[in-house]
K.L.:
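This is the structure I have questions about; it appears just below.
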Amino acid sequence: VNDARRTRLLALAERLGTPAFVYFPDAMRARVAALRRAFGGAFAVAYAVKANPAAGVLAALRGVADALDVSSAGEIDRALAAGWPAASLGFTGPGKRPAELEHALDVGVGEIVLESLDEALALDALARARGVAQRVLLRLAPDHVPAGFGDTMSGKPVAFGVDEEELPRVVPRVRELRGLQLVGFHVYSGTQCLRADAIAANWAVHTRLFRTAAALARIEPERLVLGAGLGIPYHDDQQPLELAAVEHAAAATVAELRAAFPRARLSLETGRWIAGEAGVYLTRVLRTKDSRGTRIGICDGGLHHHLAACGLFGMVLRRNYRLANVSAPPGPPAGTFQLSGPLCTPIDVLARAVALPRLEPGDVIAIECSGAYGATASPVGFLSHPPPREWLVRGDGGSVDDVLDANALPE
Ligand SMILES: *Cc1c(COP(=O)(O)O)cnc(C)c1O
């Protein structure tokens, strides 16, 4: 954290109170713009709402991102309330309930992403009862994901999509259903990858599957969605993914996609890469305890607000998120410290053995990479503390007008 940012985050904590999430929509929009410009403009950009569904975030991305990936009726309603047209929504999820499919049909969701033949049959019946043919994509589950992905959901039993091995049986059946219009395919098989070569290799897997599925369906796809897999540097020893490196590594695959599917609108779908680095979690040290040689800062925020920072959101290893004591003037580390939350459980630990210039009661800690999978991915009801405040800070946040409640819809 440079000094200007440190001062700014401290001022926001003083003004807004802690614990709080602070999101920077200008930074989110800049990420979307960068992704749309990259790859010679080959890709539209879809934002995955589950990463951060705050009303203000969805409103800030309207007209900037091309589409939203929604995964529940609740997310559909949030998107609509934030002014997104239903036609720009894609509805994924392995367990869509009948009422959710009906809701999607009723409001006119642009594309429903089918995750199984059963789901296709159920949606087909609902659509035919309404006398419509719903645009659908079929989600494909590859039999492997290249090494380098932090989270994968393929190559093992997974709940998502139609397994590659099943495509010959399933694709022609879906194609036949008259209540559905199969317009393309979707793959999201892994994420949090910081290696350009692995991302390119994964997109090559997607491309191979798209070719197989399109041949089986005998369609020229109008729409192909690549779950982008782009990672962000959560930890001190990680380097950000350079888009230029991905462009270079994936150039042949992108050219192949364009040549093989000239009619298709290609999309990259990501949540964390857009929102993750554009948010911080601010928490204050309530008191310190020196325990058996380690000073522990007991903070007003913890796993009930930020499960992921505690290493409990699908991580194999618990590692500290990048963080700073923004109350302390920059200086050499005074030692290593533990940061715990206020909950009565030993797993409520925000950081272990973290080097800081000091740790005193009243200090404000800023946890980086908290714009995605923060509040929304946390058990906020646990121990009945208040939910976190979430703020949207425009520009540099210098004036009061620049700070909005992130869960309120802007007028
Ligand atoms: C969660 C999800 C995403 C976004 O994943 P990130 O890791 O945030 O990029 C994209 N598509 C689908 C279908 C998802 O479920």
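In each ligand, atom 1 is the first atom listed, and ligand 1 is the first ligand listed. These figures come from a predicted structure and were not determined experimentally.
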K.L.:
If I compare all heavy atoms of Glu220 with all of Pro262, which pair ends up nearest, and what's the gap?
P.N.:
OE1-CG, 4.3 Å
K.L.:
Report the part of Tyr373 in contact with ligand 1, treating N, CA, C, O as backbone and CB onward as side chain, heavy atoms under 4.0 Å; options are side chain, backbone, both, neither.
P.N.:
side chain
K.L.:
Return yes or no for this condition: an N or O of His186 is under 3.5 Å from an N or O of ligand 1.
P.N.:
no
K.L.:
Would you mind checking which non-hydrogen protein atom is closest to atom 7 (O) of ligand 1, with the distance to 0.1 Å?
P.N.:
Thr191 OG1, 2.5 Å
K.L.:
Do Leu180 and Leu114 pass the side-chain contact (heavy atoms from CB on, under 4.5 Å) test, and can you show the C-alpha distance, the side-chain angles, and the key distance before you say yes or no?
P.N.:
CA-CA 10 Å; Leu180 309 181; Leu114 298 170; 3.8 Å; yes
K.L.:
Around atom 5 (O) of ligand 1, find the nearest protein heavy atom and jot down its residue, atom name and distance.
P.N.:
Tyr188 OH, 2.7 Å
K.L.:
Is there a nitrogen or oxygen of Trp273 sitting under 3.5 Å from a nitrogen or oxygen of ligand 1?
P.N.:
no
K.L.:
Report the C-alpha distance between Phe43 and Trp203 in whole Å, list the side-chain angles of each, state the deciding distance to 0.1 Å, and finish with yes or no for ring-ring contact (aromatic ring centres under 6.0 Å, His included).
P.N.:
CA-CA 13 Å; Phe43 294 106; Trp203 293 358; 5.7 Å; yes
K.L.:
Dump the intermediate steps for ring-ring contact (aromatic ring centres under 6.0 Å, His included) on Phe313 and Tyr373, then the final yes or no.
P.N.:
CA-CA 9 Å; Phe313 190 61; Tyr373 306 109; 5.7 Å; yes
K.L.:
Could you list the residues that satisfy side-chain contact (heavy atoms from CB on, under 4.5 Å) with Arg358, not counting sequence neighbours?
P.N.:
Asn325, Ser327, Ala328, Pro329, Glu360, Asp363
K.L.:
Please identify which atoms of ligand 1 are closer than 4.0 Å to at least one heavy atom of Ala48.
P.N.:
3 (C), 4 (C), 10 (C)
K.L.:
Tell me, which protein residue and heavy-atom name are nearest atom 11 (N) of ligand 1, and how many Å apart are they?
P.N.:
Glu269 OE2, 2.6 Å
K.L.:
Would you say that more than 12 heavy atoms from the other residues, nucleotides or ligands in this model lie under 6.0 Å from the CZ of Arg178, or not?
P.N.:
no
K.L.:
Counting both backbone and side chain atoms, is some N or O of Gly271 under 3.5 Å from an N or O of ligand 1?
P.N.:
yes
K.L.:
Taking both backbone and side-chain atoms of Thr270, is any N or O found less than 3.5 Å from an N or O belonging to ligand 1?
P.N.:
yes
K.L.:
Aromatic rings Tyr281 and His306: how do their planes relate, parallel, tilted or perpendicular, breaks at 30° and 60°?
P.N.:
perpendicular
K.L.:
Any idea which protein heavy atom is nearest atom 1 (C) of ligand 1, and the distance to it?
P.N.:
Lys50 NZ, 1.2 Å
